[in-house]
Amino acid sequence: MSDRLEILTIDQMYAADRAAAAAGVESYALMQAAGEAVARAVSSRWSKRPVAVLCGPGLNGGDGFVAARVLTADGWDVRVLALALPTGGDAFKAFEDWGGSPELGESNLGNAELIIDALFGAGLSRPLPAHAQGVLRDAEARGLPIVAIDLPSGLPGDAAEPLDYAPRATLTVTFHRKKPAHVLSPARDLCGEIVVADIGIPAAATAAPTLWENHPDLWRAHYPWPMGATHKHARGALGVIGGGRFETGAARLAARAGLRVAGLVKVFCEPAAADIYAATLEAAMLRPFRSIQELGNLAMEMDAFVIGPAAGVTDATRDKLIALAGSGVPMVIDADALTVLKGEPATLFALVEDSDVITPHPGEFERIFPGLLGSSGTRIAAAREAANLAGCIVLLKGADTVIAAPDGRAAVNTHATPWLATAGSGDVLAGIVGGLMAGGMPTFEAACAGVWMHGDAGLRFGPGLTAEDLPQGLPTVITGLTG
């Protein structure tokens, strides 16, 4: 697994800095490497033009002074605007090595055509001073590209929201590893393109990670690839609980998606809806059942189940969920199967195991874990706490979908498109995850893979996407995983 997928909190990054120092890496060498990385990133993307480097009094400002020195030596027209001069340490040494006279106080951007924001880094804990905000707002109003060092100033590294204000950067250059703000919305949208620069912190300086950016390298080794002698039953049998006679579309979408990754799919429905499913299913099989007890018995023939898409917020859905839980078959619990237990989190927690996945969007999450999203600080923290409370995998859907396990592991997905915000998209996601689970993929990895593949299919299709397009796009997605 690539260590570049690791995401570090600010405290973890500080710990990595301390561990690097203990291993003999000089802190000023890290600052020089950081500033040089910023200068390289700028030089590789823009032609030479007037640059204003905005430096704060701390370490982020020190990185800015290094970048200013390197760019000046390369022939760029560089001005440095400083909030205040550094008072000591590596930042002051970087200022001295730069050797210029920064403009202090009420400076303006003048003829600058590019801005380097080195005011405050990821450790910021208070809103930007008014003067700093004014200069950055001026840059934005003029449409100037902004290159942020570590993070756009005003954006704390562990948060998803700025402290009052942060500019929208064109490029953000961060160091060693990404921070939560680089992957959480809307903060990540303020970062623009993100470059993670290696500045010489040893990999061993980073503690064992528990948070990653979702990517095939995180789960590819667990993907259930068929072998030469594999038959359909060996590839996994997925069951999908169908909705009523006039609510069949969601289950059919989940079934079609599941067929792309599992060996076989059966839709289980009540007899009144059987003729509708029979007329519309092709490769997916149909299995009507007449009682909850019969469903529980039949469930044991399957390797995984999806329950919830258009199942109905009814006592019948609740009974079906209880029957499936009693069978011990791993479940993806989605949509109506979550809503039906609104106000009864203890009931849900008693039904699920660590091999199960719940897939709430924020509204459904609030029904199960009231107040947790608002009180946790970030979606990562909320999903982790929810997974701990429920004892199963939590897949918290959104522009920055978070997948969390009861043991503390979590991944944030950034590989998606806004075009996935369409009816039925979540039903397809449930089918992909359920199909991978049926094929024997470990549940956390199956959830991560399903989210990424769902996003990749959406990205490949683009504008005009409907949920029906997603299963058809999965073969190309899967083929891409082999490269």
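Here salt bridge (Lys or Arg N to Asp or Glu O under 4.0 Å) pairs that include residues 200-213, with residues two or more places apart or in two chains, are Lys178-Glu213. The list of salt bridge (Lys or Arg N to Asp or Glu O under 4.0 Å) pairs with a residue in residues 133-159, not counting sequence neighbours, reads Asp138-Arg142, Asp150-Lys179. Among pairs with a residue in residues 371-384, those fulfilling salt bridge (Lys or Arg N to Asp or Glu O under 4.0 Å) read Arg379-Asp400, at least two apart in sequence or across chains. Sorted by first and then second residue, the pairs that involve residues 446-463 and meet side-chain hydrogen bond (donor to acceptor under 3.5 Å, both in side chains), not counting sequence neighbours, are His415-Asp456, Ser425-His454, Asp456-Arg460. Screening residues 183-200 for side-chain hydrogen bond (donor to acceptor under 3.5 Å, both in side chains), with sequence neighbours left out, gives Arg45-Glu193.
Listed by chain and number, the residues in a side chain to side chain contact (heavy atoms under 4.5 Å, CB included) with Phe461 are Leu465, Asp469 (sequence neighbours excluded). With sequence neighbours excluded, the residues that form a side chain to side chain contact (heavy atoms under 4.5 Å, CB included) with Ala405 are Ile393, Asp407, Arg409, Phe444. The side chain to side chain contact (heavy atoms under 4.5 Å, CB included) check on Glu366 picks up Pro370, with sequence neighbours excluded. In terms of the salt bridge (Lys or Arg N to Asp or Glu O under 4.0 Å) criterion, residue partners of Lys397 (sequence neighbours excluded) are, by chain and number, Asp334. For the salt bridge (Lys or Arg N to Asp or Glu O under 4.0 Å) test, no residue two or more places apart in sequence or in another chain qualifies with Glu353. By the side chain to side chain contact (heavy atoms under 4.5 Å, CB included) test, Glu385 pairs with Leu372, Asn388, Leu389, sequence neighbours left out. When the side chain to side chain donor-acceptor pair (under 3.5 Å) test is applied to Asp303, no partner is found at least two apart in sequence or on another chain.
Side-chain polar atoms of Asn108 and Glu103 form no donor-acceptor pair below 3.5 angstrom.
By the neighbour-count criterion of 12 heavy atoms within 6.0 Å, atom CH2 of Trp46 is densely surrounded, having more than that number from other residues, nucleotides or ligands.
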